[in-house]
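Report on one structure; see the data block that follows.
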Amino acid sequence: MGNASSTAGHGSGINGKDKNQQAQTDMTQNQPDNVNHSQTLWILIFRGHPHDIQSTRVTELYIVFDDNESKNLTIRIQGQHPNFSVDEVWNQAAPRTRPHFFRRLAVATVETSSELDMSLRDAILGTPVNNIEPDWTCQSWVGDVLTTLQDARLITVEEGDNALNGMVNYIARAPWQSPR
């Protein structure tokens with residue numbers, strides 16, 4: 001036996017609602033969908049393989065749509081110098097279940113007016129890869145992307161700087177070079 005509200009079934013509205021509640025419900029049903037959407041950007045850091053040293057740690061970017069972990073986009077650098085390219089993979093398993101996963105760092109949550117807003121994704125994909133400098137890596141690319149997002153005002157300078165500093169700190173926890 002459950003407890004019923006003392007007002008259940010009272011009033012002349014529909015489904016136990018009084019006239020004022022019913023009027024509010026009817027008005028909001030006729031309005032366009034004003035639901036706000038969000039995209040949370042993360043930096044993923046993976047241990048180097050077969051040797052986990054600073055220069056072999058892998059960084060990727062990860063966007064979660066509307067706080068739904070199953071709706072995500074991973075953007076990463078593929079290849080080696082001088083043939084780097086950007087790759088995107090939709091709806092992967094949670095990062096912590098992926099091989100060699102080390103850390104996930106929050107960059108920012110970006111509010112969007114549409115679930116299909118791809119401004120964040122497009123800015124990331126529009127960040128050029130550097131196939132000229134031989135010491136440029138996926139770690140460098142994440143730094144370049146953060147600058148691009150700051151310049152586009154998709155994230156604040158503080159958010160970008162904090163994310164970059166956090167990434168560098170976690171990468172620096174690995175040994176500088178392999179033990180001999």
| request: Answer with yes or no whether the hydrophobic clustering places V145 together with V157; edges join I, L, V, M, F, W, Y residues whose side-chain heavy atoms lie under 4.5 Å apart. | output: no
| message | Looking at E111, I want to see if its CD is surrounded by more than 12 non-hydrogen atoms of other residues, nucleotides or ligands under 6.0 Å. | response | yes
| remark: Using a 4.5 Å side-chain heavy-atom cut-off and chaining through intermediate ILVMFWY residues, the residues clustered with V89 come out as none
| field | Sidechain-backbone polar pair: Q39 side chain, S119 backbone, donor-acceptor under 3.5 Å | value | no
| task | Write down the atom of P95, the atom of E69, and the distance for their closest heavy-atom approach. | result | CD-OE1, 4.4 Å
| said: With heavy-atom distances below 4.5 Å as the criterion, would you say the side chains of V110 and L41 are in contact? | reply: no
| query | Would a hydrophobic clustering, with Ile, Leu, Val, Met, Phe, Trp and Tyr connected at side-chain separations under 4.5 Å, put I132 with W141? | reply | no
| said: Rounded to the nearest 0.5 Å, what separates atom CG in D52 from atom CZ in R173? | reply: 12.5 Å
| Applying the 4.5 Å side-chain criterion to the ILVMFWY set and letting contacts propagate, would W90 and I124 be lumped into a single cluster? | yes
| said: Distance check, rounded to the nearest 0.5 Å: R76 atom CZ versus E88 atom CD? | reply: 10.5 Å
| request: Would you please classify the geometry between the F101 ring and the F46 ring as parallel, tilted or perpendicular, with 30° and 60° separating the classes? | output: perpendicular
| field | Contacts of H81 that satisfy ring pair (Phe, Tyr, Trp, His ring centres under 6.0 Å) - sequence neighbours left out | value | none
| Is it true that a side-chain atom of S38 and a backbone atom of T109 form a donor plus acceptor pair closer than 3.5 Å? | no
| Would you find a donor on one side and an acceptor on the other, under 3.5 Å apart, between the side chain of E159 and the backbone of V107? | no
| message | Can you tell me how far apart OG1 (T112) and CG (L120) are? Round to the nearest 0.5 Å. | response | 9.5 Å
| message | Tell me whether the NZ or CZ atom of R104 lies within the 45° cone about the ring axis of Y62 and under 6.0 Å from its centre. | response | no
| Under 3.5 Å, is there a donor-acceptor pair between the side chain of E60 and the main chain of L44? | no
| task | Tell me whether the centres of the aromatic rings in F84 and W136 are closer together than 6.0 Å. | result | yes
| message | Return the CG to OG distance between D135 and S55, rounded to the nearest 0.5 Å. | response | 11.0 Å
| task | Measure across A163 and A106 and return the closest heavy-atom pair with its distance rounded to 0.1 Å. | result | CB-O, 4.5 Å
| query | Would you find a donor on one side and an acceptor on the other, under 3.5 Å apart, between the side chain of R57 and the backbone of Y170? | reply | yes
| Do any N or O atoms from the side chain of N72 and from the backbone of I63 form a donor-acceptor pair under 3.5 angstrom? | no
| V58 and I77: same hydrophobic cluster, using ILVMFWY side-chain contacts below 4.5 Å? | no
| Minimum side-chain heavy-atom gap T59-M167 below 4.5 Å | yes
| Rounded to the nearest 0.5 Å, how far apart are CG of L146 and CG of L164? | 6.0 Å
| remark: Interatomic distance, CG@L61 vs CG@L149, rounded to 0.5 Å, equals 8.0 Å
| Linking I/L/V/M/F/W/Y whenever their side-chain heavy atoms sit closer than 4.5 Å, directly or via other members, would I75 and I155 fall into one cluster? | yes
| Side chains of R98 and T74: closer than 4.5 Å at any heavy-atom pair? | yes
| Under a 4.5 Å cut-off applied to non-hydrogen side-chain atoms, are D161 and Q150 in contact? | yes
